[in-house]
Engineer: 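Supplied in structure tokens, the structure appears directly below.
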Amino acid sequence: MSQFSLTDLEAIIAARATADGEASYTRSLMDKGVAKTAEKFGEEAVEAVIGTKPHEARAGLEDDVDGALRDTILYTQVLKAIGRLGERRL
């Protein structure tokens with residue numbers, strides 16, 4: 001299995017930043033700005049935190065938490081990309 005890095009993710013986001021908003025979720029999210037992207041980050045972060053609490057333990061939990069954590073990484077990188085593009089509206 002090959003390694004996938006944040007640099008790889010940044011390159012994918014940069015490529016998708018030039019795509020049409022209807023063809024790329026990343027582009028459509030960037031078009032919505034910092035506030036919406038930060039909201040999506042927050043939703044996934046809350047899901048990850050709730051999912052790691054012992055009383056929430058259930059079958060398949062690891063997949064739910066893993067997915068939420070992956071999404072927080074994606075949204076973090078999209079927020080960084082928006083910043084590099086000069087997006088500052090909140």
Side-chain angles (χ1 to χ4, degrees):
M1 180 186 337
S2 64
Q3 295 287 332
F4 186 81
S5 69
L6 289 179
T7 302
D8 297 328
L9 181 57
E10 288 172 353
I12 292 168
I13 291 170
R16 291 183 182 172
T18 62
D20 180 84
E22 291 185 22
S24 169
Y25 173 72
T26 301
R27 176 74 250 171
S28 68
L29 189 60
M30 294 173 96
D31 288 344
K32 292 174 184 170
V34 170
K36 183 63 175 178
T37 305
E39 178 184 321
K40 296 298 286 179
F41 170 86
E43 290 169 5
E44 295 299 333
V46 167
E47 285 182 29
V49 169
I50 290 170
T52 60
K53 291 185 176 183
H55 69 277
E56 295 292 328
R58 63 188 188 282
L61 174 66
E62 296 83 15
D63 291 339
D64 293 345
V65 173
D66 287 351
L69 291 171
R70 280 191 299 273
D71 288 346
T72 61
I73 293 169
L74 169 65
Y75 295 128
T76 298
Q77 295 302 313
V78 170
L79 285 166
K80 285 176 56 180
I82 292 171
R84 282 195 292 275
L85 295 173
E87 173 64 55
R88 294 291 181 215
R89 60 176 188 248
L90 297 172

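This structure is a prediction, so every number in the text was calculated from the model and none was measured. Below, all heavy atoms of this structure are taken into account, side chains as well, without hydrogens, waters or symmetry copies.
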Engineer: Whether the side chain of T37 engages the backbone of G33 through a donor-acceptor N/O pair (distance < 3.5 Å, no angle test) should be reported.
Structural biologist: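 Side chain of T37 to backbone of G33, a donor-acceptor pair under 3.5 Å: yes, one is there.
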Engineer: Minimum heavy-atom separation for I13 to A81, with atom names?
Structural biologist: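 Scanning both residues completely, I find the closest heavy atoms to be CG2-CB, 3.7 Å.
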Engineer: Under the side-chain hydrogen bond (donor to acceptor under 3.5 Å, both in side chains) rule, what pairs show up with a residue in residues 8-18, not counting sequence neighbours?
Structural biologist: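 As it turns out, the side-chain hydrogen bond (donor to acceptor under 3.5 Å, both in side chains) pairs with a partner in residues 8-18, which skip direct neighbours, are S5-D8, E10-K80.
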Engineer: Output the distance between atom CG (D71) and atom OG1 (T76), rounded to the nearest 0.5 Å.
Structural biologist: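 Rounded to the nearest 0.5 Å, the CG-OG1 separation comes to 10.5 Å.
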Engineer: When rounded to the nearest 0.5 angstrom, what distance separates CG in L74 from CG in L69?
Structural biologist: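 It comes to 13.0 Å.
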Engineer: Can L29 and I82 be said to form a side-chain contact (heavy atoms from CB on, under 4.5 Å), step by step?
Structural biologist: CA-CA 10 Å; L29 189 60; I82 292 171; 6.0 Å; no
Engineer: Are V49 and V65 connected in the hydrophobic side-chain network, where two residues link if heavy atoms are under 4.5 Å apart?
Structural biologist: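 No, because V49 and V65 fall into different hydrophobic clusters, even though each may have its own neighbours under 4.5 Å.
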Engineer: What is the minimum heavy-atom distance between D20 and R27, and which atoms define it?
Structural biologist: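 Of all heavy-atom pairs spanning D20 and R27, the closest is C-CG, 3.8 Å.
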Engineer: CG/L79 to NZ/K40 distance, rounded to the nearest 0.5 angstrom?
Structural biologist: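 Reported to 0.5 Å precision, the distance equals 12.5 Å.
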Engineer: Kindly give the heavy-atom pair with the smallest separation between A45 and T72, and that separation in Å.
Structural biologist: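 Residues A45 and T72, closest heavy atoms: N-CG2, 3.5 Å.
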Engineer: Just to verify, what does E47 make a side-chain contact (heavy atoms from CB on, under 4.5 Å) with, not counting sequence neighbours?
Structural biologist: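 Residues passing side-chain contact (heavy atoms from CB on, under 4.5 Å) with E47: E44, A68.
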